[in-house]
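Here the structure comes first, spelled out in structure tokens, and everything after it is commentary.
Proteins get letters first, then strands, A, B, ... in listed order; numbering begins at 1 in each.
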Number of protein chains: 2
Amino acid sequence: MGEGVELATIKDVARLAGVAISTASAAINRSAPVSEDVIAKVEAAVREIGYVPHGGARSLRMGQSRLIGLILPDITNPHFAKVAKVVESACLEAGYMDAVYSTSEDYDRERQILEMMRMQRVAGLIIIPTRSDAEHGARLGEQIHVPTVLLDSFVTGLPYDVVKLDNVTAGRLATEHLIGLGHRRIAVTTGRPNIVTGEDRMRGYFAAHAAHDIPVEQRLLIEGRFDQAIAHESTLRLLSQPDPPTAIFALSNMMALGVLNAVQEVGLKVPADISVVGIDDFDFANIMSPPPTVVAAPVEQMAQRAIDKLLAEIRSKAAPSGDVELFEPRLIVRASSSRPVR
Amino acid sequence: MGEGVELATIKDVARLAGVAISTASAAINRSAPVSEDVIAKVEAAVREIGYVPHGGARSLRMGQSRLIGLILPDITNPHFAKVAKVVESACLEAGYMDAVYSTSEDYDRERQILEMMRMQRVAGLIIIPTRSDAEHGARLGEQIHVPTVLLDSFVTGLPYDVVKLDNVTAGRLATEHLIGLGHRRIAVTTGRPNIVTGEDRMRGYFAAHAAHDIPVEQRLLIEGRFDQAIAHESTLRLLSQPDPPTAIFALSNMMALGVLNAVQEVGLKVPADISVVGIDDFDFANIMSPPPTVVAAPVEQMAQRAIDKLLAEIRSKAAPSGDVELFEPRLIVRASSSRPVR
DNA sequence: TTGCATACTCGAAACGTTTCGTATAGTGCA
DNA sequence: TGCACTATACGAAACGTTTCGAGTATGCAA
């Protein structure tokens, strides 16, 4: 319980068990043939003195640590928190630890995080990128020297495996649902430039319009940046102008919250006055007012797939295949969308 | 960008700068007097080959790593996600990394996490405990050998500093608010046994009743365990019985969600039919139906205080003072509470 | 009895740092 | 000029592992 107590080393284990250090190591790791009774003695010694291997020494000798880095935009976004939880469980199960970091879309911070990951000699990385362009990819690639999987988005020029939602379909599903209800003026809160997740969802939005011969009005494409506050603000601005939309499609969960807030603030009723559809479900959807119609993504499954791929790549020491694995979104119709009044 | 590329070592830096390894180390860490031009040469070399120190080697030599462990019940609970974010920022600023782990109240898992923390020779620990009793404290204490701060709760028999909410006051505030509105039959979703956070909030609940000479009915103390699903279920059960309460006090944010769900499921209107008050605010409170009355805790400030204390303790190498620092809760009245109809 | 494979076990080196005692060059003073 | 001192640079040891070549019994076949 005291501070700074020196922990037992494998040397202590070896001495207590009456064997050589190398034998103790072999017994503990089952990395070489060791007789049954030596194993027993070593294990007894380990328990008796509470030996825990020194991760640093191990990583020094072996060239990599049993640490996996998870870099995401913001841990307080429930979507990413779920990812963190899944990754953590999988890591623990596989005998790894994970270090989770939020970039907050700050590139300096991202650099700093990557540097610490390198300092810890992490065995692998899962990255949910905040930009998809080649320039950023090049910067990223320079700093990464370990197996990596990209989650939720991809980055041009990076050879890593990708696990993500079929975002075009997600955008199309949401938009077609609204069109199907009779909406013709559908606003959308856009993502951030240079991030393909938003661009793909927009592609779906455009495709749905095209398929139904509905022209897209430029003024209805409002700024969102995947940010609740920004979506909130641009929604307010949009609604204060003449000829407002009959529906708003929020490209992400946080933006949906911003939109719903704004709509309610100006006194409009959802869905009576205006319909709202988001991407990504909420755990607390049924106590929202109103429960929102969303296009849901199988977050946990995607995260599980990402960590599985990463662990496999680490273990096989194989080069990444560069595969892009797409997961299918699913439309969940609730009370925030209905036929337009006008 | 390739896999398994050998990273540059301080030896490479030294060679390139034309100095001894020890000099390079001193220059990089400013740990001994080094002439200006040597520093310049070393720094140039560091940049040129992109040298990043080997954390493992460092921790081996120095006896501890620049890693801080954060152990909490569940990262997908927004309350804890906020803690994680604050701790992460503070760590990064101080040149540390942090490793976040969710115990899910699983003691085996907790043990496993603690063991990994030990393996990594973390410099310090912030723990949000899932039990407060002495037995658990003893188990915990045995496994902890580094500076530690307890957040949100405390554990009997552990000498560490504690940062937490004034939970008795929180419980009292919520209850008195309801009593002040005229409620006399106030149900409460209890916490878990052996966890003092819940017990303290209950103490506040009892104190408020006593202060107003209102008897507490045993049947209104329903099981909650800080769990959304359990609170949901016991609320359903409670509401199916005769003479239901006119208000429900949920001892935590997750339980409030469970209660609200249940109440809505049986077709009751909040607050017309029944009032609901929770502890801990929601970011999306104003799009909930109805916006809930809550007793809010200054989560971020508390987390900041905890990590500040921990870093100070690590740096000073002082023994923990064992101080308990209390933060004051604040009642936020919204639409989920009103005068009772009966 | 000898030789040889088998099954373990051992000792030493190496991983990349930091630290500490020692060496060297430069400086001021007598 | 010589001496003591300061400022800086160096070399080697140590931290706790894993790995690998070498060593030692044991059992079995010849």
Side-chain angles (χ1 to χ4, degrees), chain A residues 4-42 45-46 49-67 95 116 118-123 145, chain B residues 4-43 45-46 49-67 95 115-116 118-123 145:
Chain A
V5 169
E6 294 309 323
L7 266 45
T9 74
I10 198 172
K11 202 186 280 185
D12 303 316
V13 172
R15 184 163 0 135
L16 187 58
V19 299
I21 294 178
S22 53
T23 306
S25 173
I28 290 169
N29 301 302
R30 303 283 195 283
S31 54
V34 179
S35 67
E36 283 306 323
D37 68 314
V38 165
I39 289 188
K41 275 192 296 185
V42 169
V46 165
I49 60 182
Y51 167 71
V52 178
H54 190 301
R58 219 178 224 181
S59 103
L60 173 58
R61 172 64 224 225
M62 309 214 295
Q64 67 164 43
S65 68
R66 292 186 75 80
L67 240 186
M116 302 217 93
R118 229 164 118 168
M119 196 174 310
Q120 296 299 332
R121 299 305 194 268
V122 293
H145 300 78
Chain B
V5 169
E6 295 308 321
L7 266 45
T9 73
I10 199 172
K11 201 186 279 185
D12 304 316
V13 172
R15 184 164 357 134
L16 188 58
V19 299
I21 293 177
S22 53
T23 306
S25 172
I28 290 169
N29 301 301
R30 303 282 195 283
S31 54
V34 178
S35 67
E36 284 306 323
D37 68 315
V38 167
I39 289 188
K41 274 192 295 185
V42 169
E43 286 184 339
V46 165
I49 61 182
Y51 167 71
V52 177
H54 190 301
R58 216 176 227 183
S59 101
L60 174 59
R61 173 63 223 222
M62 311 216 292
Q64 69 164 42
S65 69
R66 293 188 75 81
L67 239 187
E115 190 174 312
M116 302 217 93
R118 229 163 118 170
M119 196 175 309
Q120 296 298 331
R121 300 304 193 265
V122 294
H145 300 77

### Task
Spell out, as yes or no, whether a donor-acceptor pair under 3.5 Å connects the side chain of A/R121 to the backbone of A/R118.
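Yes, because the side chain of A/R121 sits within donor-acceptor range (under 3.5 Å) of the backbone of A/R118.
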
### Task
Kindly say whether A/S59 contributes a backbone atom to a donor-acceptor pair with the side chain of A/S65 at under 3.5 angstrom?
no

#### Entry: Selection: residues 27-41 of chain A, any non-hydrogen atom under 4.0 Å of DNA chain D
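Under 4.0 Å from DNA chain D: A/N29.
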
Show me the protein contacts with nucleotides 12-14 of chain C, counting only N or O atoms at under 3.5 Å.
| unit_1 | atom_1 | unit_2 | atom_2 | d |
| --- | --- | --- | --- | --- |
| C/dA14 | N3 | A/R61 | NH1 | 3.4 |

Reported [atom1]-to-[atom2] distance for the pair [X] and [Y], which is rounded to 0.5 angstrom:
X	Y	atom1	atom2	value
B/T9	B/I49	OG1	CD1	7.5 Å
A/H54	A/L60	NE2	CG	9.5 Å
B/I10	B/I28	CD1	CD1	4.0 Å
B/M116	A/L67	CE	CG	8.5 Å

### Query
Heavy atoms under 4.0 Å, any strand shown: does B/S25 hit a base, just sugar-phosphate, or nothing?
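Base: the residue B/S25, judged by heavy atoms under 4.0 Å, touches a nucleobase.
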
Whole-Å gap separating [atom2] ([N]) and [atom1] ([X]):
X	N	atom1	atom2	answer
B/R58	C/dT19	CZ	C1'	14 Å
B/K11	C/dT18	NZ	C1'	15 Å
A/R15	D/dT17	CZ	P	12 Å
B/Q120	D/dG16	CD	C1'	14 Å
A/R66	D/dT17	CZ	P	15 Å
B/Q64	C/dT18	CD	C1'	14 Å
A/I10	D/dC15	CD1	P	15 Å
A/L7	D/dC15	CG	P	15 Å

### Task
Counting heavy atoms from C-beta on, name the nucleotide in C/dG16, D/dT17, D/dC10 closest to the side chain of B/T23.
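In terms of side-chain proximity for B/T23, the closest of C/dG16, D/dT17, D/dC10 is D/dC10.
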
### Query
A/Y51 side chain: which of C/dG11, C/dT17, D/dT17 is closest?
D/dT17

### Closest non-hydrogen atom pair, A/V34 against A/A27
CG2-N, 3.9 Å

### Task
Taking all non-hydrogen atoms of both residues into account, name the closest pair between A/D37 and A/S35 and its distance.
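Heavy atoms only, the tightest pair is OD1-OG, 3.0 Å.
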
Would you say that [X] contacts [Y] through its side chain, given a criterion of any heavy-atom pair below 4.5 Å between the two side chains?
X	Y	value
A/H145	B/V52	no
B/M119	A/R66	no
B/I39	B/V42	no

#### Entry: Toward the 5' end of DNA chain D, by each residue's nearest nucleotide, B/V19 or B/L60
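Result: B/V19.
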
#### Entry: Degree of bending in the helix from C/dT1-D/dA30 to C/dA30-D/dT1 once both end axes are built from five pairs, to 10°
60°

